[in-house]
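Here's the structure we're looking at; comments come further down.
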Protein chains: 2
Amino acid sequence: MDYKEAKEKFISTWGSLGSLWGINKAMAQIQALLFISTKPLSMEDIMEELKISRGNTSMNLRQLMDWGIVTKVLVSGERKEFFTTEKDVQELARIVAKERSRREIRPVIKVLEDVSSIKDDGTEKTKELIKQTKALNQLTQDLDTLMNKMVNQKQNWLTKSVLKLMK
Amino acid sequence: MDYKEAKEKFISTWGSLGSLWGINKAMAQIQALLFISTKPLSMEDIMEELKISRGNTSMNLRQLMDWGIVTKVLVSGERKEFFTTEKDVQELARIVAKERSRREIRPVIKVLEDVSSIKDDGTEKTKELIKQTKALNQLTQDLDTLMNKMVNQKQNWLTKSVLKLMK
DNA sequence: ATAAACTTTCAGTAATTACTGAAAGTTTAA
DNA sequence: TTAAACTTTCAGTAATTACTGAAAGTTTAT
């Protein structure tokens, strides 16, 4: 496998993984491309490499920036904008975890709280609904706490976490 | 909010969360319905409650069974099949984590290994590709290890994990 | 102020994914 | 062994999601 093949394989695999986890393929691929690039890329560069339209590129770069994964960089002497992604994998994981928690998990916790606090009318089915949504709420919050604990160790959080769990 | 509203809100929220994470809405909703049900449900019951077709119900139940989340139960005196889901949230989380790791993460690790072991031809871009995919491979494996460590504590893994990380 | 260089937006369209319903398949009871 | 009761499969269709390209918008240089 030469460089070109390896690069393409990586980008396409990353795109597929994204799709499986509810992340738009183009978005994942743009991130992958930037992630292995030695220097910031322009919109033209990205369009060219991934064979996608300007509109698509623009919209997905915006999303990546909203997520805090990609940033604009100014290249002196150049008029157009250039983009880079966070290059540190652990930092990347932290950002993704935090964002998905904030955007997708928090609202669900809110619903679980509402649902699990309905009035117990004494029927078995109501009791079950309350019990199960309470348990789910607890789990979700525990996982969120756990994730934040790990992720907030910032420096080498993963290694630290693994070590602690070994005991 | 009465029982009916709460139930519907829970089921629809769970369905939406599924969609966001790449899980078919109907599949998530069937699981949610079973999760708060006081007794096993038949295909008819599910179709009726969620207003979905027989085909859709059948296919998604199959998938849930493949994942090990739902099981058939025989109700004595009844000819048709009935279904239940795992009711313990931690066990549920363990199963989902294991399955998604096995189906979706492992294959990616394989690709990362292949890509990161291409021959270093001395160019900067090849070095970067190797470096970054190696880092990603390491991260993925660490996360997988971490997850398995947590999840294999079986009894109350979450609480145990949180406690250890508190230190 | 004007225009060239660039980016964003979005209506229309394409691609993907999910769903239906009925035919085919299977199991059970008599 | 037949037929009723049930489940699965899958071709066709609907719904959703993603993408394009060009017009509108913005910035920068002169």
Grab the [atom1]-[atom2] distance between [X] and [N] for me, whole Å please.
X	N	atom1	atom2	result
K25(A)	dA15(C)	NZ	C1'	10 Å
E78(A)	dA5(C)	CD	P	13 Å
Q63(A)	dT8(C)	CD	P	13 Å
L74(A)	dT7(C)	CG	P	12 Å
R54(B)	dG25(C)	CZ	P	18 Å
E44(A)	dG21(D)	CD	P	14 Å
F83(A)	dT8(C)	CZ	C1'	11 Å
N56(A)	dT7(C)	CG	C1'	15 Å

What is the pairing partner of dA5(C), taking Watson-Crick or G-U wobble pairs with both distances under 3.5 Å in any strand? dT26(D)
Return the pairing partner of dC10(D) with a 3.5 Å limit on both distances, Watson-Crick or G-U wobble; otherwise return none. dG21(C)
Nearest-neighbour nucleotide for the [X] side chain, [options] considered:
X	options	value
I52(A)	dT20(C), dC6(D), dT20(D)	dT20(D)
N60(B)	dT8(D), dC19(D), dC19(C)	dC19(C)
M59(A)	dT20(D), dT8(D), dT7(C)	dT20(D)

Will you find, in the side chains of T140(A) and N137(A), an N or O donor that is under 3.5 Å from an N or O acceptor? no
Between K87(B) and E128(A), does any NZ, NE, NH1 or NH2 come within less than 4.0 Å of an OD or OE carboxylate oxygen? yes
Got a second to check how far [X]'s [atom1] is from [Y]'s [atom2], nearest 0.5 Å?
X	Y	atom1	atom2	result
L20(B)	R100(A)	CG	CZ	6.5 Å
L92(A)	T85(A)	CG	OG1	5.5 Å
K119(B)	T126(B)	NZ	OG1	9.5 Å

Ignoring backbone atoms, establish whether N24(A) has a side-chain N or O less than 4.0 Å from OP1 or OP2 of dC19(D). yes
Check whether any side-chain nitrogen or oxygen of S58(B) sits under 4.0 Å from OP1 or OP2 of dT7(D), and answer yes or no. no
Less than 3.5 Å between a donor and an acceptor, one on the side chain of R79(A) and one on the base of dT27(D), is that the case here? yes
For DNA chain C, whose closest nucleotide is more 5', that of R62(A) or that of G22(B)? R62(A)
